[in-house]
2 protein chains.
Amino acid sequence: MSKSLSLTPVETVACCSPLTKEPLSHEQAERIAPLVKALADPVRLRLLSIVASHADGEACVCDLNDAFDLSQPTISHHLKVLHEVGLLDREKRGVWVYYRVDAGALRDLGALLGGVVG
Amino acid sequence: MSKSLSLTPVETVACCSPLTKEPLSHEQAERIAPLVKALADPVRLRLLSIVASHADGEACVCDLNDAFDLSQPTISHHLKVLHEVGLLDREKRGVWVYYRVDAGALRDLGALLGGVVG
DNA sequence: TGAATACATTGACAACTGTCTATGTGTGAT
DNA sequence: ATCACACATAGACAGTTGTCAATGTATTCA
């Protein structure tokens, strides 16, 4: 895996001490913020929790659309945000697209915030 | 402590299962999101980490202002956001105002996201 | 009382975000 | 081939957010 600027936010988070241990550098904060920002929306929080707790750990977009009173493009948009930041994996099977939570990413983020050692 | 709508986001988070355990309700997501949103900014992430890792667990605004290349009102604004959501406690002593991290709040949020049982 | 210091509040403005409608793209079935 | 379906993308628009300069409010000291 590359060490370059193309690190996804998720990859960045994995290697930081807990927030409360030592001050975050400017660069660390700039990289972590997008990941937290991706979670900072009620719809995306629900999307993530629905996917995570779904049978087989994955859910197709059609299931997700039904869970909200929002247009399909809006759900698609939120899924894209979560995917781009590395919290959700995508897989297309036939006509359907299945999303799956990157459990390690969530765990690392939790550790970073909560103070549990990663 | 009241069970009413006046729950601070921090109080709300403390009582939820991890994100990945079961789907968040609409109401839960609406309450948790502001807390995550408060963290979803690089400046606020750094502010929190600086305060948390400071000697005695507290820092005065003057220290914080010096750590950033931003105007004093801007820092004041970010501190207010973190305070209103319950992540930072304020205490005025003389002319100075000291901020302190609510460690439990951060821990609960980490548990909620990371999946560690609260 | 007056001046200086530490911090908060206000108001303004550009940038970003969430949502929608309309449209595009790929896949499977007839 | 054509049609229907599942999902993504584009463009538009209102609401929110981060920042600053200017101003307000306590508090201490002289």
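Residue numbering restarts at 1 for every chain, and letters A, B, ... go by the order of the sequence lines. Just so you know, these numbers use all the heavy atoms, side chains as well, and skip hydrogens, waters and symmetry mates.
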Taking N or O atoms only and anything under 3.5 Å, show me the protein contacts with nucleotides 18-21 of chain D, one pair per line.
from   : atom 1 : to    : atom 2 : distance (Å)
D:dG18 : OP1    : B:D41 : OD2    : 3.4
D:dG18 : OP1    : B:R44 : NH2    : 3.1
D:dG18 : OP2    : B:R44 : NH1    : 3.3
D:dT19 : OP2    : B:H78 : NE2    : 2.3
D:dC20 : OP2    : B:S71 : N      : 2.9
D:dC20 : OP2    : B:S71 : OG     : 2.9
D:dC20 : OP2    : B:T74 : OG1    : 2.7

Which pairs, protein N/O on one side and nucleotides 26-30 of chain D N/O on the other, fall under 3.5 Å?
none

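Between the A:R100 side chain and the A:D56 main chain, a donor and an acceptor come within less than 3.5 Å of each other. Within the 3.5 Å criterion, the main-chain N or O of A:V81 finds no donor-acceptor partner in the side chain of A:E84. Side chain of A:S49 to backbone of B:L24: a donor-acceptor contact under 3.5 angstrom is found. Without hydrogens or angle criteria, A:H83 side chain to A:D89 main chain gives no donor-acceptor distance under 3.5 Å.
Going from atom OH of A:Y98 over to atom P of C:dT27 covers 15 Å, rounded to whole Å. Spacing between atom NE2 of A:H83 and atom C1' of D:dA8 amounts to 12 Å, rounded to whole angstrom units. When rounded to the nearest whole Å, the span between CG of A:L82 and P of D:dC7 equals 16 Å. Rounded to an integer number of Å, the gap from CD of A:E84 to P of C:dC16 is 15 Å. For A:L39 and C:dT17, the CG to P distance is 14 Å, given to the nearest whole Å. Computed from coordinates, the B:R90 CZ to C:dA6 C1' distance equals 12 Å when rounded to whole Å. The distance between atom CD1 of B:I75 and atom P of C:dT9, rounded to the nearest whole Å, is 15 Å.
Using a 4.5 Å heavy-atom threshold, the side chains of A:I75 and A:L79 count as touching. Between A:L106 and A:L48 there is a side-chain heavy-atom pair separated by less than 4.5 Å. Inter-residue side-chain proximity for A:D102 and A:L87 is flagged as unmet; no heavy-atom pair is nearer than 4.5 Å. Residues A:V51 and A:V101 meet the side-chain proximity criterion, which asks for heavy atoms closer than 4.5 Å.
The stretch residues 47-68 of chain A comes close to DNA chain D through A:C60, A:V61, A:C62, each having a heavy atom under 4.0 Å from the strand.
Applying the disulfide bond (SG atoms under 2.5 Å apart) test to every pair with at least one member in residues 29-94 of chain B, sequence neighbours left out, gives these pairs: B:C60-B:C62. Applying the salt bridge (Lys or Arg N to Asp or Glu O under 4.0 Å) definition to pairs two or more places apart or across chains, none involves residues 36-49 of chain B.
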Tabulate below the donor-acceptor pairs under 3.5 Å that side-chain atoms of residues 91-99 of chain A make, not counting sequence neighbours, or state none.
from  : atom 1 : to    : atom 2 : distance (Å)
A:E91 : OE1    : A:R93 : NH1    : 3.3
A:R93 : NH2    : A:E58 : OE2    : 2.7

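B:Y99 comes within 4.0 angstrom of sugar-phosphate atoms only, judged by non-hydrogen atoms across all strands, and of no base.
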